[in-house]
Amino acid sequence: MGYEFHTIEKKWQKYWAKNQTFKVAINYEKPKFYVLDMFPYPSGSGLHVGHPLGYIASDIYSRFKRHKGFNVLHPMGYDAYGLPAEQYAIQTGTHPEVTTEKNIIRYREQLDNIGFSFDWTREIRTSDPAYYKWTQWTFIKLFGSWYNNTTDKAESLESLIDVFLESGNSKIDAASGDVETFSASEWKRMSEKQQQEILMSYRLAFLSETMVNWCAELGTVLANDEVKEGLSERGGYPVEKKHMKQWSLRITAYSQRLLDGLNKVDWPESLKEMQRNWIGRSEGASVLFDIHDSKNNIEVFTTRPDTIFGATFMVLAPEHDLISEITSSDKLEAVEKYQLWAKHRSERERMTEVKNVSGEFTGSYAINPLTNTKIPIWIADYVLSGYGTGAIMAVPGHDSRDFAFARHFNLPITQVVVNLGEEPGDTAIWDDSYDTKEGLMINSGFINDMSVNKAITSVISKIEEMGIGKGTINFRLRDAIFSRQRYWGEPFPIYYKDDMPYPLSEDQLPLELPKVESYLPTSEGKPPLANAKNWVTKDGYPLETNTMPGFAGSSGYYLRFMDPENKNEYFSKKANDYWKDVDLYIGGDEHAAGHLIYSRFWNKFLFDINRVCEDEPYRKLINQGKIQGRSNFVYRIQGTNKFASFGLKNDYETTALHVDINIVNNDILNTEEFVNWRPEFKDAEFILEDGKYICGHDIEKMSKSKHNVQNPDSLIEKYGADTLRLYEMFLGPLEQDKPWDTNGIEGVFRFLRKLWRLYFDEIDTIIVTSEKANDNELKSLHKAIKKVTSDIERFSFNTGVSAFMICVNELNDLNCHKKEILEPLAILISPYAPHIAEEIWQSLGNNESISEEHYPIHDDKLLVENNFEYPVSFNGKLRFKLALPINMPKDEVEKAAINAEEAKKWLDGKTIKKIIVVPNRIINIVVG
RNA sequence: GCUCGAGUGGUGGAAUUGGUAGACACGUUGGACUUAAAAUCCAAUGGGCAUUGCGCCCGUGCGGGUUCAAGUCCCGCCUCGAGUACCA
């Protein structure tokens, strides 16, 4: 008998489900609180112990907030579109929907076993037509909107057309592609197709020919954040740059707002910094350089306009439009060869060969507008076509890349900035350029002797005056490529007429994903949807065959949770006005440059079109750390089937082999199970130490091949969900990465049994009495209430667990079984260990779930001590302790300290120079 | 290279505002109970010196500094991790 967690946990999980304990609805009587987890992709391997870490934390917080009187929205769903299910479909022909459904059932079972307080009536799946209808709906809205830089928000395309009809596009300041200026009458004379082509340059969801990240292995393009070090994030396949016509979202229109919004959200600084870097704002100037003997000119972007006098050559990206026009005939062959070479270089090659300088002279010269000297124009792939204008003025004296290039090709290097107090140097003997912004200008005409910062503003005014440039701001952020050549994703609500895309009307949504025979691209290389029969509108127009990327469905899912069953709208205004935004969002930081940017963009767009009331979706965000695996090893003596224990392995020539952590307990191998683990170990022999086989261990990523995957189910089977919940929290700070190690779980399990024994005797009879509690018992309880409450509020869940342990240890020592103490204690612990808390609550004679009880509040009066044990230090070193009445006046404390028996030894023969007394803290006596 | 974060016992970690470093737990050792085991309970447990109690020295990656007082603040390094990668 005793703490029968199996029975208890099943019982309460059923109770919560049956009574819909955690179902929430709008309730104006209570303040709202929205706690969200990053919803999972339901993979085939199920949950491992790393997944629930954040879910447990958010569950504790949700339950706590509920106890505190909040109306808590705590939903869960599935990011159900994903590559693994589709790859599996390609291999086996199983529809991804079938695989996904199966995995979801498994996930749900595992989640239920942990006892989460999710409102499951709100479950959503991104692959459900009832859900993706609204993903498609938002896409149509984006398609029908443009970004007005003057009002700094998205507006409907109709307003743009009205302006076109009235005055053409010359007065429009929009975030757009390249558009020629036209007048109202020119607009009116255009064909529908011409008009549509122009509108496409303004749409926030637009089709364009762009340089994309093409992954041949996956047969699809990828967004920038899906490429890591030149390889696909999923699968690690090579990625190359390719020109393709693709759907994109004009997220760059929101660059500045995405940057500014970071200042008002409560997110980890590191995550904000990552987003700031990803957005990459830089201030500088664009300057036009004339080309010698040509009408053309080239615009460059620089963040150091002050160094323009040191610009001794110009470099264009190999893809730059003007190259063919300006290249002299004798250089043409070499230039084209270089362009071809650059084009065929993979992203990975380009990145790994950064140190190798390459380039080609075009034979043409530009005119430096401030020095009026001829400077050679080169092409090189260290200049990127996608950033700035794809052209730079090279200042080798003050830019390390330009310096390396100049050295390699013997181009002149001029110094234009000199560090304060230093003499100008001979650039011919420099090892590197002088890049810092500190110093004074030299060799620079009218800006000589100015500081760098002063020179920057002066040059900008000068070029503006000359009409050849202006101060500009550049962002590194690129528009998000939104189409994928895959099957398992949201279809675009788009059809083609006369080769131009048109949106479906809202009443035709959702456009459901059709059945296909094959999940592979067609023989002509079209996406899998081209395999679908009748993939046309009812009028016979062909439908788009690309599908949306993974981040489409996750960009606005938090909004749908507010009103998940709404058939007429994404969500009602009423629901959005009540739930507003996510108060607490918990998830991993791997989404920093992906989901968390797209989602903010999505939300800001919906804010602009008056669909949502908050312009930032996630008020507070916490990144839970990753749980690393802890592998165990056995050491096989080479050429034998003998295994030496860890301490003896160095006596032999051994090979370390990963061993399944499930047959190892506290690093001790279960040799019987090991022998049965695999056929090749059937005849294994062991060289033991102290009669045991000790395994080695190491911290690695959790993976099947390392046999170190810990799934929660087996731990729940052995110790119960409440132990798992407490243990995952006890492991360490939520935000920190930490190795998984079951070695400590026994302690938490012991604690729960100790807790149980405060309430029940050996035969599970309740032994709680109605006796009045004494001061010590009250103090112990209230100390715990104070500590646990403040710990939850600052998301310090690990120290909260120790506070429970301290309290239970104390009550155990006090032999306390009093209701006055133990009833509040049950509520106190219920967010962490809800099953045992419910069981205790019921045994105490309550009929309702503990989850709605008011959380106990500590009483400071009960925590007041009569004495404080002062640590007494001499010259900062602790020598003895002295108990004195609390709040004793300073001078009396001083006297007491000096006159204390133990003080004599330390004062002997010395003079007291100073005494520091911090009331109820420390006493420090300075002697000399 | 740049940006950010971290470094505390055998282990996970605690120390919230500069004020008793190592809470809580694991592990280890010794003991009680038991025919035995499990479970439970008690004691010790940073290192060193000393030991009849007392007691002293050292100690939060390294080297300096500020302060009556530094794991915490400042300066300079080292190591590890994450992000990013020719962004002009």
Side-chain angles (χ1 to χ4, degrees), chain A residues 2 228-230 268-278 280-282 284 300-304 307 315 350-357 380-384 386-395 398-402 404-405 435 474-478 589-590 592-593 626 630 666-667 697 727 730-733 735-748 750-751 753-754 757 787 790-791 794 796 798-806 809 812 869-881 902 905 913-918 920-927:
Chain A
K228 299 261 135 77
E229 295 177 0
E269 205 43 52
S270 61
L271 186 70
K272 290 199 212 178
E273 202 54 33
M274 251 190 261
Q275 290 212 346
R276 286 189 191 111
N277 291 339
W278 192 258
R281 181 191 147 111
S282 57
V300 302
F301 173 72
T302 176
T303 55
R304 293 290 303 274
T307 62
V315 187
R350 205 178 57 83
M351 279 192 313
T352 49
E353 293 165 18
V354 163
K355 295 263 147 59
N356 300 352
V357 177
D381 73 345
Y382 82 90
V383 175
L384 306 176
Y387 186 78
T389 58
I392 61 158
M393 60 174 213
V395 184
H398 306 280
D399 180 286
S400 56
R401 294 149 306 175
D402 298 343
F405 193 83
D435 291 6
N474 233 296
F475 292 95
R476 198 187 81 114
L477 186 69
R478 300 271 67 95
D589 64 357
E590 65 273 22
K626 279 184 257 309
R630 186 178 190 277
N666 289 346
D667 292 336
H697 60 87
Y727 186 57
F730 191 56
L731 226 41
E735 304 88 341
Q736 201 171 298
D737 286 355
K738 50 208 159 235
W740 178 259
D741 186 350
T742 49
N743 289 350
I745 200 167
E746 299 276 352
V748 171
R750 247 171 244 161
F751 157 73
R753 279 184 304 190
K754 215 185 248 185
R757 284 197 309 272
K787 175 81 177 140
S790 77
D791 282 351
R794 64 192 182 100
S796 177
N798 55 328
T799 51
V801 178
S802 0
F804 288 127
M805 289 173 168
I806 293 167
N809 286 344
N812 197 49
E869 196 175 49
Y870 277 96
V872 184
S873 300
F874 290 81
N875 292 342
K877 280 183 202 261
L878 174 69
R879 295 307 177 186
F880 63 92
K881 289 174 185 175
E902 299 97 319
K905 173 177 167 190
K913 288 186 172 163
K914 195 173 181 184
I915 302 180
I916 293 108
V917 175
V918 182
N920 306 325
R921 264 266 153 78
I922 52 108
I923 300 167
N924 190 16
I925 301 170
V926 186
V927 292

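To find a chain, count down the sequence lines: A is the first, B the second, and so on, and within it residues start at 1.
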Using the [atom1] atom as the reference point in each nucleotide, state the distance between [N] and [M] in Å, no decimals.
N: B/A37; M: B/C49; atom1: P; result: 35 Å
N: B/C54; M: B/C68; atom1: P; result: 34 Å
N: B/U72; M: B/A88; atom1: C1'; result: 41 Å
N: B/G31; M: B/G48; atom1: C1'; result: 27 Å
N: B/G10; M: B/G59; atom1: P; result: 16 Å
N: B/U20; M: B/C73; atom1: P; result: 16 Å
N: B/A15; M: B/A21; atom1: P; result: 16 Å
N: B/U66; M: B/U11; atom1: P; result: 34 Å

*Walk me through it: do A/Val395 and A/Thr302 pass the test side chain to side chain contact (heavy atoms under 4.5 Å, CB included)?*
CA-CA 10 Å; A/Val395 184; A/Thr302 176; 6.0 Å; no

Starting from [atom2] on [N], measure out to [atom1] on [X] and report it in whole angstrom.
X: A/Phe880; N: B/C56; atom1: CZ; atom2: C1'; result: 16 Å
X: A/Asn743; N: B/U28; atom1: CG; atom2: C1'; result: 13 Å
X: A/Asp589; N: B/G83; atom1: CG; atom2: P; result: 8 Å
X: A/Leu384; N: B/A88; atom1: CG; atom2: C1'; result: 9 Å
X: A/Asp381; N: B/C86; atom1: CG; atom2: P; result: 10 Å
X: A/Glu902; N: B/C56; atom1: CD; atom2: C1'; result: 16 Å
X: A/Asn812; N: B/C24; atom1: CG; atom2: C1'; result: 16 Å
X: A/Gln275; N: B/A82; atom1: CD; atom2: P; result: 20 Å

*Is the glycosidic angle of B/G63 within 90° of 0, making it syn, or outside that range, making it anti?*
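Nucleotide B/G63 adopts anti.
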
Counting any heavy atom closer than 4.0 Å, what does [X] reach on the DNA or RNA strands: base, sugar-phosphate only, or nothing?
X: A/Arg630; result: nothing
X: A/Lys272; result: nothing
X: A/Arg757; result: sugar-phosphate
X: A/Asn809; result: sugar-phosphate
X: A/Val383; result: base

_Quick check for you: among B/A88, B/C26, B/U3, whose closest atom lies nearest to any side-chain atom of A/Asn277?_
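Nearest to the side-chain atoms of A/Asn277, counting from C-beta on, is B/U3.
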
*asked:* Starting the side chain at C-beta, find the nucleotide from B/C68, B/C4, B/C56 nearest to A/Val926.
replied: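 The nucleotide sitting nearest to the side chain is B/C68.
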
_Around atom NZ of A/Lys913, are there more than 12 heavy atoms from other residues, nucleotides or ligands closer than 6.0 Å?_
no

*asked:* Under 4.0 Å from OP1 or OP2 of B/U40: is there any side-chain N or O of A/Arg753 that close?
replied: yes

*Is the shortest side-chain N/O distance from A/Arg476 to OP1 or OP2 of B/C86 below 4.0 Å?*
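Checking B/C86 against A/Arg476, no side-chain N or O comes under 4.0 Å of OP1 or OP2.
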
_At under 4.0 Å between heavy atoms, how does the protein contact nucleotides 13-23 of chain B? Give one character per nucleotide, 5' to 3', with B, S or -._
SSSB--BB--B

*Taking the nucleotide of RNA chain B with the closest heavy atom to each, which residue, A/Gly744 or A/Ser270, is nearer the 5' end?*
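Result of the comparison: A/Ser270.
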
*By nearest nucleotide on RNA chain B, pick out whichever of A/Val801 and A/Glu269 is the more 5' one.*
A/Glu269

Between [X] and [Y], is there a donor-acceptor pair closer than 3.5 Å when you use the side chain of the first and the backbone of the second?
X: A/Asn474; Y: A/Ser282; result: no
X: A/Asp737; Y: A/Lys626; result: yes
X: A/Asn875; Y: A/Val927; result: yes
X: A/Tyr870; Y: A/Arg921; result: no
X: A/Arg478; Y: A/Gly386; result: yes

With a 3.5 angstrom cut-off on both distances, give the Watson-Crick or G-U wobble partner of [N], or none if there isn't one.
N: B/C4; answer: B/G81
N: B/U11; answer: B/A25
N: B/C41; answer: B/G31
N: B/U20; answer: none
N: B/G76; answer: B/C62
N: B/C56; answer: B/G48

*Evaluate the criterion salt bridge (charged side-chain N to carboxylate O under 4.0 Å, His left out) for residue pair A/Arg276 and A/Glu269; output intermediate values, then yes/no.*
CA-CA 10 Å; A/Arg276 286 189 191 111; A/Glu269 205 43 52; 3.2 Å; yes

*Verify whether one side chain among A/Lys914 and A/Asn924 offers a donor that lies under 3.5 Å from an acceptor in the other.*
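Checked: A/Lys914/A/Asn924 side chains show no N/O donor-acceptor pair below 3.5 Å.
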
*Using 30° and 60° as the class limits, which term best fits the ring planes of A/Trp740 and A/Tyr727: parallel, tilted or perpendicular?*
perpendicular

